[in-house]
Every structure is written in structure tokens, then in C-alpha cells.
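All remarks here apply to the structure that follows.
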Amino acid sequence: MPSHPPSEPDQAPMCDSCAGIQLNWRRAPGHAELAQRRNRKEERASGLVTVTRYQCERCATIWDYENDTQNLHAGWSVVKI
């Protein structure tokens, strides 16, 4: 079952595709309208991990995807602006 955050009053609502992304679960799929922006490396207990930023071309929601092979609960998270 998808898990998504409630829309903040000052944020535009997510499109249905973004609302369907499963949060905090490594290997959960994104969707076709997510445009990759940039990558960065961050230190975790397991070592360096890659975090990739995406932005939805339909609703402009900004996402980070953390690819930490040692943490099953890494994955998609919505970036608060």
C-alpha cells in the first residue's frame, strides 16, 4: 500500500503518480515523469551512499532517492522547501 505525506497547505498537491510512490523503501519504483536533477554522496553508518534528486514534471514535487544497500528503509523521500 502506498504511503505518502499529506499535502501541506502552502504546497501544490501531488499528482496521482507521485502520491503512489512508496516512501522509505529501497527499490520502490518512481514514475516516468520524474526528471533526474543531480546526485550527491552522503555519509551514513554503512559508508558513503548516493542520493539522487528528482523533480516531477507534472506537479513539481521534489524527491530524493537514497540508494543505501545496507538500509532497506532508505529510498524515496519528499524534499520540504
Side-chain angles (χ1 to χ4, degrees):
M1 175 165 203
S3 170
H4 56 85
S7 291
E8 304 268 332
D10 58 340
Q11 281 186 307
M14 282 185 188
C15 65
D16 289 341
S17 296
C18 279
I21 293 176
Q22 185 176 6
L23 298 176
N24 304 317
W25 194 256
R26 195 171 158 274
R27 293 190 176 213
H31 67 82
E33 292 174 286
L34 291 177
Q36 184 174 331
R37 298 296 181 219
R38 68 177 197 273
N39 293 331
R40 67 184 185 275
K41 299 286 187 183
E42 291 189 5
E43 187 69 37
R44 298 289 186 260
S46 60
L48 281 178
V49 300
T50 301
V51 179
T52 305
R53 174 127 325 157
Y54 293 85
Q55 185 169 16
C56 179
E57 294 176 333
R58 188 181 339 166
C59 69
T61 300
I62 299 173
W63 294 88
D64 277 347
Y65 182 81
E66 182 176 325
N67 189 17
D68 182 349
T69 58
Q70 304 300 311
N71 181 2
L72 189 58
H73 297 286
W76 293 104
S77 60
V78 175
V79 177
K80 304 287 184 192
I81 297 179

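As the structure is a prediction and not an experimental result, all values here were calculated from the model.
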Rounded to the nearest 0.5 Å, how far does SG of C18 lie from OH of Y54? 12.5 Å
Is there a side-chain contact between T52 and R38 (heavy atoms, below 4.5 Å)? no
So CG of N39 and OH of Y65: to nearest 0.5 Å the spacing works out to 12.5 Å
In this structure, CH2 of W25 is separated from CG of L72 (nearest 0.5 Å) by 3.5 Å
With a 4.0 Å cut-off on N to O distance, would you call R40 and D64 a salt bridge? yes
Are any of the side-chain heavy atoms of V79 and R53 separated by less than 4.5 Å? yes
Inter-residue atom distance E66.CD - H73.NE2, 0.5 Å rounding: 12.5 Å
Assess the residue pair T61 and Q55 against the criterion (side-chain contact (heavy atoms from CB on, under 4.5 Å)); give the C-alpha distance rounded to whole Å, side-chain angles, the decisive distance to 0.1 Å, and a yes or no. CA-CA 6 Å; T61 300; Q55 185 169 16; over 6 Å; no
Testing the basics here: between L23 and S77, what is the closest heavy-atom pair and its distance to 0.1 Å? CD2-CA, 4.2 Å
Can you measure from OG (S17) to NE2 (H31) and round to the nearest 0.5 angstrom? 5.0 Å
Would you mind telling me which of N67, D68, T69 makes a side chain to side chain contact (heavy atoms under 4.5 Å, CB included) with N71? D68
What are the two closest non-hydrogen atoms of C59 and P13, and how far apart are they? CB-O, 3.8 Å
Less than 4.5 Å apart, any side-chain heavy atom of M14 and any of I21? no
Ignoring hydrogens and geometry, is there a side-chain-to-backbone donor-acceptor pair from E42 to V49 under 3.5 Å? no
Pairwise distance CZ(R37) to CD1(I62) - rounded to 0.5 angstrom: 8.5 Å
So W76 and N24, side-chain contact (heavy atoms from CB on, under 4.5 Å) or not? Walk me through it. CA-CA 5 Å; W76 293 104; N24 304 317; over 6 Å; no
